[in-house]
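A quick note: this is a predicted structure, and the numbers were derived from the prediction, not measured.
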Amino acid sequence: MSRILILKFGAIGDVIMAIPAAHQLHLQGAQIDWVCGAAVLPVLQLYPWINPILIDDRALVTGSVPAKLAVIGKLWRTLMGRSYDLVATLYYDSRYRALTLPIRARRKLLLSHTDRTLRLLPGRHHTDEFARILLGWPDEHRPLPLAPVPPPSLPASPLRRTGKPRVVLAPAGAKNMLADDILRRWQPEHYVALTALLIEQGIEVVLIGGPGDAWIQPQFAALEVTDLIGQLALPQTLALLDEADVLVTHDTGPLHLAGITCVSIVSLFGPTDPRGRLPQRPGTLAIWGGEGFACRPCYDAHSFAPCPANDCMAQITPTLVFNEVTQMLTDRAAGTLRAPRIITPPSTIPSARLITLGPPKLSSS
């Protein structure tokens, strides 16, 4: 049996998109050890074929030099004496090499911006790119994408069904230990307007999010919703999503959690490219705002443009999202889930502002 060590501490979406590649290795008989942070540990623990190795990734990334060295030293002691066929550090920063310096391995890899074989290529789904890199697949014709890998079992849902269609909203998120990526969020007032439309049609609305998302709760105070923000552990969140009908969220962790459940998904994108992130399974939809914008997408895998307006997300209207949600509910009732797809809202760029280049001017000389 071969042994594989993966280092990917977070974020939740990145870890979930790397799981299918690890699963392919597992199916080939490999033993999978995975160095992870506390935020994603409950997800990895749902897969019995993954052996999670917990580290303090917050101290490693944001701590003092002594704190960072303590994390590295503890990991070295944990892995002392182990040998691996592959050690895969799924980061671009070469400083992460220090984590595996004393570990014996036939092969070690680190993502690279200059080596095409070790780069997550733009426009491709990260799930397929992680698989290409981890399994050493040649970069050639591969028509079938890898689907998310659902956990073999989940706990009971924390919320009983009411008999109404249930739509779950994750209106906050898009935040990690290094940054608050506000540009990825659909505007809170749009979520509120969507909620009002759904309630008017007799649809149950449930709010989810982590403890750090409490700031958005007052926005929904006047609406009849079930507010579970900050109340659920990750396995409970997955169980809730698995029994819900539709999730609406932007490019954040709950989108990827939903991908490993049975819920239909309406996801909202603007500055990031949905082609690399929308879960690749039936019943998933991305609405990509910013149609006609020369600046979309503006995320370069490291940072966003200093955008003062976030108009690409604002271009996605509550009515458009409501119509797609109700279509998803109709599809589920008929038992006909469509393949993953991406749509765009109508362009909000006035045609008079489009630049037209005339014929080149000829020099008189």
- Quick one: do V43 and W49 end up in the same hydrophobic cluster if we chain Ile, Leu, Val, Met, Phe, Trp and Tyr together by side-chain heavy atoms under 4.5 Å apart? yes

Test item: W34 side-chain N/O and L41 main-chain N/O as donor-acceptor pair under 3.5 Å:
no

Smallest heavy-atom separation, P20 atom then A147 atom, equals CG-O, 3.6 Å

For the residue pair Q327 and D331, confirm or rule out a side-chain donor-acceptor distance under 3.5 Å. yes

Side-chain donor or acceptor of R58 paired with backbone N/O of V61 under 3.5 Å
no

- request: For side-chain contact (heavy atoms from CB on, under 4.5 Å), just list the numbers for R166 and L159, CA-CA rounded to whole Å, side-chain angles, deciding distance to a tenth of an Å, and then say yes or no.
  value: CA-CA 11 Å; R166 174 177 289 171; L159 192 63; 3.5 Å; yes

Nearest heavy-atom approach of V246 to M328 is CG2-CB, 3.8 Å

- prompt: With a 4.5 Å limit on heavy-atom distance, are the side chains of P297 and T272 in contact?
  reply: no

Item checked: Main-chain N/O of L247 paired to S264 side chain as donor or acceptor, under 3.5 Å -> no

Per side-chain contact (heavy atoms from CB on, under 4.5 Å), I55 is matched among V35, I72, T78 by V35

Within the structure provided, determine whether M313 and R185 are in side-chain contact (heavy-atom separation under 4.5 Å). no

Intermediate values then yes/no, side-chain contact (heavy atoms from CB on, under 4.5 Å), T344 and R296 | CA-CA 12 Å; T344 58; R296 183 198 73 173; 4.1 Å; yes

**Message:** Quick check: do P152 and P48 have side-chain heavy atoms less than 4.5 Å from each other?
**Reply:** yes

The residue among I265, L337, I342 that forms side-chain contact (heavy atoms from CB on, under 4.5 Å) with T284 is I265

- request: Treat each ILVMFWY residue as a node, draw an edge where side-chain heavy atoms are under 4.5 Å apart, and state whether L101 and L5 are in one component.
  value: yes

Of all heavy-atom pairs linking D227 and Q217, the shortest is OD2-NE2, 2.9 Å

Original post:
Going by heavy atoms in the side chains, are D139 and L121 under 4.5 Å from each other?
Top reply: yes

| said: Please check: side-chain N/O of R132 versus main-chain N/O of L120, any donor-acceptor pairing under 3.5 Å? | reply: no

**Study point:** Check: Y96 side chain, L110 main-chain N or O, donor-acceptor pair, under 3.5 Å
**Key:** no

Between Y191 and F220, is the gap from one ring center to the other below 6.0 Å?
-> no

Does atom CZ of R341 have more than 12 heavy-atom neighbours from other groups under 6.0 Å away? yes

TODO: Determine whether T326 and Q201 make a side-chain contact, defined as any pair of heavy atoms from C-beta on separated by less than 4.5 Å.
DONE: no

Would you say that R77 contacts K74 through its side chain, given a criterion of any heavy-atom pair below 4.5 Å between the two side chains? yes

W76 (side chain) donor-acceptor with L99 (main chain) under 3.5 angstrom: yes

Would you say that more than 12 heavy atoms from the other residues, nucleotides or ligands in this model lie under 6.0 Å from the CZ of R106, or not?
no

* To do: Group every Ile, Leu, Val, Met, Phe, Trp and Tyr by side-chain heavy-atom contacts under 4.5 Å, then state whether V71 and L69 land in the same group.
  => no

**Prompt:** Is L54 reachable from Y47 through a run of I, L, V, M, F, W or Y residues, each pair having side-chain heavy atoms under 4.5 Å apart?
**Reply:** no

query = Are the side chain of R275 and the backbone of P122 linked by a donor-acceptor contact shorter than 3.5 Å?
reply = no

Test side-chain contact (heavy atoms from CB on, under 4.5 Å), reference I6, set L90, L44, D33, output is L90

Margin query: Under 3.5 Å, is there a donor on one side chain and an acceptor on the other for H250 and T252?
Written below: no

Side chains of L75 and L60: does their closest heavy-atom pair fall under 4.5 Å? no

For the residue pair V321 and H190, establish whether any side-chain heavy-atom pair is separated by less than 4.5 Å. no

- Okay, side chain of Q315, backbone of G290: is any donor-acceptor separation there less than 3.5 Å? yes

On a heavy-atom basis, the closest approach of L183 and A305 is CD1-O, 3.5 Å

Note: P235 and P155 closest approach over all heavy atoms is O-CG, 3.6 Å

- Between the side chain of H256 and the main-chain N/O of D14, is any donor-acceptor distance below 3.5 Å? no

### Task
For side-chain contact (heavy atoms from CB on, under 4.5 Å), just list the numbers for V206 and L240, CA-CA rounded to whole Å, side-chain angles, deciding distance to a tenth of an Å, and then say yes or no.
CA-CA 10 Å; V206 180; L240 174 72; 4.1 Å; yes

